[in-house]
Amino acid sequence: MALTQAGTTSGDGWSSRTAFILAAVGAAVGLGNIWRFPTLAGENGGGAFILVYIGFVILLGLPLVLSEILLGRAGGEDAIGSVRNVAAHSKRSEAWKGIGALQITAGFLILSFYSVVAGWVINYVFASGGDFLGALFSGEPFAGAFAGESQEEITGRMGELFANPALLIGLHAVFMAATVWIVASGVGDGIEKAAKWLMPAFFVLLVIVTLYGAIVTDEFGDAVAFMFTPDFSALNPTALNEALGQALFSLSLAAGGLLTYGAYVSRDVNLAPTATMIAFADTGVAMLAGLMIFPIVFSVGLDPAAGPALIFQSLPIAFNQMPAGSLIGFVFFTLIFFAALTSSISLLEGPTAWVIDRFRFRRPVAAILVGGVAFAIGVVCALGYNVLSEVRPLGFWDIFADSDILDTLDGFTGKIMLPLGAFLVAVFVGWFADRRLVQQQTGLSGGMFMLWRFLVAFVCPIAVGLVLLFGLFPGLITPAAAG
Ligand code: PHE
């Protein structure tokens, strides 16, 4: 098996190392950083959760990001084909390609509900954009958001959205169509171009809103204290499982995206520093998102543990009471939209590349096909907030007993499929893949290679395996946590 050819059967590659970094950071930075991370950190008491999260990123996430990108580059195909190629080259069973299949399936399922949540974001982009225009034309560009609305009216907007299946599905369709359009345009002309424009814009907006919160509120210090003072009593097996799932989700691990993007990286790119940059950028953005959101939430005395409603209800209330809140609200939701789009394209690219390689479909056809099926699953998730609101798909299973359709899909992928996928990557790269090939791909030597290999071969499988086990069976550690 020749593992030296660059590029893949599914199309072109990145035009430069910078292009790859932007695309990979674009994949990593998304709803996970700005919606899921602050929500989980808030629900799990802040400091201790965040500390564990950072530990997971450094000890598990970083070595795994490198492992997945190198598997992709060494294999040079879609996620399944790449793992199969590396297994063949290493004289191992072809069954290892199941890692690719598991990952592509996870990415595909994530895409289907991700697009629904991104649809909520679009709703708020329009609502806050209209609100800002209204303020502008009435000569008050620096008004608070949704001026004249009561708190109930502002939070009620989310309930209204959820009660409206046609609107939820329509917004989901718009987001999915945008994702399909970019992926259909190709790796260079679609994905890379989107990342090149959207990521810098995202960073500028993120810094603007964070500075705004730091200047306008008096709570920046409280937010820092909340985020970085650990209260270890808030930690339990479920929180650990959640932190790991979040680290994997946020770094786009185990969902086919990095394996697939890795295949488009040219041979001369040094992967270890590149993977490090991607992991640090993603984690940095998550921290900034916390520093952006919590001061604003605290400034109006709202609860950081508000759950998924944090950014869709708490923040609009805060923007209502803050100077220029109308403008900032619009900027805030726009930046989330940009981040979500560069992530969803990586979720779609994994299964699409596989369809192209496997069935020789043209790229646009493959993208439309995969996007279409994911859209249909998303429709069911959207209906889970209204028509099907009683449905608990895995209600018989205690950890999913209270989860609606979207939450179930989110929980099942995040708590089970991603940890399992990451575990298998670590075992494969750490123990079964050809050592010479692996080392040469990392570009690491001496002690650094040994350290990395130690993390991949020992620390990752054991830690990820344990967290997976205890997450699934919380009763194993503390009987009290099982309830
Ligand atoms: N990392 C993305 C986010 O944080 C989500 C994602 C997961 C994207 C897996 C690709 C693959 O929003």
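Just follow the structure's listing: the first ligand is 1, and inside any ligand the first atom is 1.
With Tyr114, Phe37, Phe249 as candidates, the residue nearest to atom 1 (N) of ligand 1 on a non-hydrogen basis is Phe249. Closest to atom 2 (C) of ligand 1 by heavy atom, among Ala27, Gly414, Ala286, is Ala27.
Aromatic rings from Trp354 and Phe361 are positioned such that their centres are separated by 6.0 Å or more.
A side-chain donor-acceptor contact under 3.5 Å links Asn33 and Asp282. Counted by atom type alone, Glu349 and Tyr264 present one or more donor-acceptor pairs between their side chains at under 3.5 Å.
Atom 11 (C) of ligand 1 has Leu347 CD2, 3.2 Å as its closest protein atom, hydrogens excluded (heavy atom only). Scanning the protein for heavy atoms near atom 8 (C) of ligand 1, the closest one is Ser252 OG, 3.2 Å. If you check which protein heavy atom lies closest to atom 4 (O) of ligand 1, you get Ala28 O, 3.0 Å.
Not a single heavy atom of Gly107 lies less than 4.0 angstrom from ligand 1. Heavy-atom distances between Ala255 and ligand 1 reach below 4.0 Å in at least one pair.
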(request) Report the C-alpha distance between Asp410 and Arg36 in whole Å, list the side-chain angles of each, state the deciding distance to 0.1 Å, and finish with yes or no for salt bridge (Lys or Arg N to Asp or Glu O under 4.0 Å). (result) CA-CA 11 Å; Asp410 183 7; Arg36 228 163 166 271; 2.8 Å; yes
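Judged by distance alone, with hydrogens and angles left aside, the side-chain atoms of Ser252 form a donor-acceptor pair with the main-chain N or O of Ala27 at under 3.5 Å.
Ligand 1 has no nitrogen or oxygen under 3.5 angstrom from a nitrogen or oxygen of Ser346.
Near Leu31, with a cut-off below 4.0 Å to any heavy atom, the atoms of ligand 1 are 12 (O). Atom numbering of ligand 1 starts at 1 in the shown order; those under 4.0 Å from a heavy atom of Asn33 are 4 (O). Remark: ligand 1 atoms within the under-4.0 Å shell around heavy atoms of Ser250 are 1 (N), 4 (O).
Considering all non-hydrogen atoms of both residues, Ser185 and Asp189 come closest at O-CB, 3.3 Å.
Geometrically, Arg392 does not engage Trp397 in a cation-pi contact defined by less than 6.0 Å to the ring centre and at most 45° from the axis.
Relative ring orientation between Trp14 and Tyr261 is described as perpendicular, the plane-to-plane angle rising above 60° on a 0-90° scale split at 30° and 60°.
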